[in-house]
A.B. asks: 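Could you have a look at this structure, given as structure tokens, before my questions?
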Number of protein chains: 4
Amino acid sequence: MIIQLDLQSDVPIYTQLVNQIIEGIASGRLQLGEPLPSVRSLASDIGVNLHTVNKAYTILKQEGYIQVHRQKGVVVDPVAMPPITPEFREKQRRELRPIVAEAICRGMEKEELLRIVEEIHQEISRKE
Amino acid sequence: MIIQLDLQSDVPIYTQLVNQIIEGIASGRLQLGEPLPSVRSLASDIGVNLHTVNKAYTILKQEGYIQVHRQKGVVVDPVAMPPITPEFREKQRRELRPIVAEAICRGMEKEELLRIVEEIHQEISRKE
Amino acid sequence: MIIQLDLQSDVPIYTQLVNQIIEGIASGRLQLGEPLPSVRSLASDIGVNLHTVNKAYTILKQEGYIQVHRQKGVVVDPVAMPPITPEFREKQRRELRPIVAEAICRGMEKEELLRIVEEIHQEISRKE
Amino acid sequence: MIIQLDLQSDVPIYTQLVNQIIEGIASGRLQLGEPLPSVRSLASDIGVNLHTVNKAYTILKQEGYIQVHRQKGVVVDPVAMPPITPEFREKQRRELRPIVAEAICRGMEKEELLRIVEEIHQEISRKE
DNA sequence: GTGGTCTAGACCACA
DNA sequence: GTGGTCTAGACCACG
């Protein structure tokens with residue numbers, strides 16, 4: 001799996017990593033149970049520090065996306081993804097809210113906004 | 001207009017301020033040309049540092065939402081909101097992407113996601 | 001509040017820190033809403049690295065014991081402690097189980113074990 | 001005797017092994033003097049590394065739970081279990097302390113905690 | 001001055 | 001060789 005980082009971005013590297021791995025799972029490029037590269041190898045591959053990758057993995061583990069298996073190393077959770085909890089819905093709305101507000105301000109029609117969300121959804125889904 | 005801050009949030013206060021003012025404009029509670037409180041008074045009203053309010057206003061000015069006059073004070077841009085530029089579209093997609101990916105991972109149907117976006121859109125729009 | 005670390009212990013320093021702060025809260029020496037020392041000052045006080053303290057605070061934050069307030073710094077959660085969730089009960093049993101088993105093996109009577117737990121409970125509670 | 005391992009747990013496998021064997025003795029499923037499987041066979045049975053089983057057995061031997069004979073193989077100590085030493089009491093208190101503290105923090109009544117310990121005690125004891 | 005992030009380098013426990 | 005822990009030192013965002 002290819003990781004694309006923007007080192008200039010104000011989004012922390014570990015967050016970019018988390019997002020890309022989640023997108024990898026969403027797109028099906030990373031299957032349930034599939035092994036992920038070790039902290040060290042991924043770190044050297046993408047040219048960041050070991051601890052940065054470690055932090056990303058730690059977050060993914062806590063949120064229930066991956067497991068750290070004592071024998072197989074790091075793997076995508078083989079059973080299932082984290083469920084849609086009330087906390088998740090809240091977080092999702094909190095994140096979407098300013099995006100929607102900004103779109104409204106700039107005069108973007110609701111239909112266009114929905115179309116964009118749908119487009120992104122398909123972009124991610126069709127990447128197999 | 002009422003500002004609701006979450007001081008425990010990992011979202012910086014100035015960003016929360018920016019978001020809430022943008023939502024205020026989106027909802028119509030803040031009209032084009034309408035005056036905003038001065039840096040000093042807003043800061044004391046909501047109990048945050050002068051710098052924090054200043055930073056929020058500066059960002060809003062740079063993005064074209066408000067104007068800062070030496071004499072008239074701070075007002076919502078009287079003419080128009082910033083347009084939908086290619087840069088805006090890019091930023092918007094960049095922000096939406098991880099949200100959509102996470103929704104897919106957790107098994108949220110595309111229709112439900114779209115419905116949520118639509119709900120948020122209406123929540124913001126119908127506010128007075 | 002006095003922190004006692006055992007640098008020779010196989011228990012990680014950040015875990016010892018977490019435990020001692022939790023005990024501080026349990027004993028009432030740390031009140032709800034009370035401020036904790038900054039990462040840096042605590043680190044230099046007890047002679048460990050800043051990151052070690054940071055990790056302890058991060059865990060306490062995630063578990064709901066403390067809050068990182070953008071203005072007041074780090075404080076004990078002013079509202080309440082984390083509740084007794086099913087996950088907590090499970091974890092608690094998982095931790096108690098080997099301790100109880102070992103006590104049985106060595107011939108400790110159930111009554112004595114219960115008395116020891118009760119003693120520890122009072123030791124912690126009466127420290128005000 | 002059935003061994004249940006959790007390979008995702010943060011508890012080392014050898015520790016899980018030690019705990020389960022001790023619980024086996026505590027429950028009476030493993031009698032004094034009863035033979036245990038060889039390192040090799042146990043390792044292949046439960047699918048872990050030889051070193052892991054070896055480490056578990058070594059610890060159990062050091063603590064006085066089992067004996068390792070060149071010819072007879074591994075057996076539960078035929079004479080007696082290790083006694084209640086001051087060191088054991090200290091270790092036990094050290095382990096119980098953070099568990100009790102956490103229970104207090106979360107508002108668990110002392111009676112409930114004692115009841116849980118008692119329950120676990122009976123769960124282990126009544127197993128055959 | 002605070003916490004957050006990142007890097008570099010080291011040692012250890014684990015399997 | 002893996003992840004886990006700890007240290008040291010640095011820069012930045014925030015208020």
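Below, read A as the first sequence line, B as the second, and so on, with proteins coming before strands; counting in each chain starts at 1.
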A.B. asks: Using side chain to side chain contact (heavy atoms under 4.5 Å, CB included) as the criterion, list what pairs up with Ala56(D), not counting sequence neighbours.
C.D. replies: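 Ala56(D) satisfies side chain to side chain contact (heavy atoms under 4.5 Å, CB included) with Tyr14(D), Leu17(D), Val18(D) once adjacent residues are dropped.
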A.B. asks: Return yes if some donor-acceptor pair links the side-chain N/O of Ser41(C) with the main-chain N/O of Pro37(C) below 3.5 Å, else return no.
C.D. replies: no
A.B. asks: Base, sugar-phosphate alone, or nothing: which one does Lys72(C) contact when heavy atoms must sit under 4.0 Å apart?
C.D. replies: nothing
A.B. asks: Looking at OG of Ser9(D) and CZ of Arg70(A), how far apart are the two atoms once the value is rounded to the nearest 0.5 Å?
C.D. replies: 6.5 Å
A.B. asks: Using whole Å, what does the distance between atom C1' of nucleotide dG3(F) and atom CG of Leu36(A) come to?
C.D. replies: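 After rounding, the gap between these two atoms is 14 Å.
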A.B. asks: Please report, rounded to the nearest Å, how far the P atom of dG4(E) is from the CG atom of Asp10(B).
C.D. replies: 10 Å
A.B. asks: Looking at Thr52(D) and Val48(D), would you say the former's side chain and the latter's main chain have a donor-acceptor pair under 3.5 Å?
C.D. replies: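 Looks like no, no N/O pair under 3.5 Å.
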A.B. asks: Does Arg106(D) use its side chain to pair, donor to acceptor, with the backbone of Pro83(C) at less than 3.5 Å?
C.D. replies: yes
A.B. asks: Separation of Ile59(C) atom CD1 from dG4(F) atom C1', in whole Å?
C.D. replies: 12 Å
A.B. asks: With a 6.0 Å cut-off (strictly less than), is the heavy-atom count around NE2 of His69(C), excluding the residue itself, greater than 12?
C.D. replies: yes
A.B. asks: Are more than 12 heavy atoms from other residues, nucleotides or ligands located less than 6.0 Å from atom NZ of Lys91(D)?
C.D. replies: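 Yes.
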A.B. asks: Could you check Ile22(A), Val76(A), Val74(A) and say which one makes a side-chain contact (heavy atoms from CB on, under 4.5 Å) with Leu60(A)?
C.D. replies: Ile22(A)
A.B. asks: Would you mind building the protein contact string for nucleotides 5-15 of chain F? One character per nucleotide, 5' to 3', B for base within reach (heavy atoms under 4.0 Å), S for sugar-phosphate only, - for untouched.
C.D. replies: BBBBB-B--SS
A.B. asks: What base-paired stems does DNA chain F take part in, with at least 3 consecutive Watson-Crick or G-U wobble pairs and both distances under 3.5 Å?
C.D. replies: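 So far as stems of 3 or more pairs are concerned, DNA chain F shows E:1-14 with F:1-14.
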A.B. asks: According to a strict under-4.0 Å criterion, is Ser38(A) in side-chain N/O contact with OP1 or OP2 of dG3(F)?
C.D. replies: yes
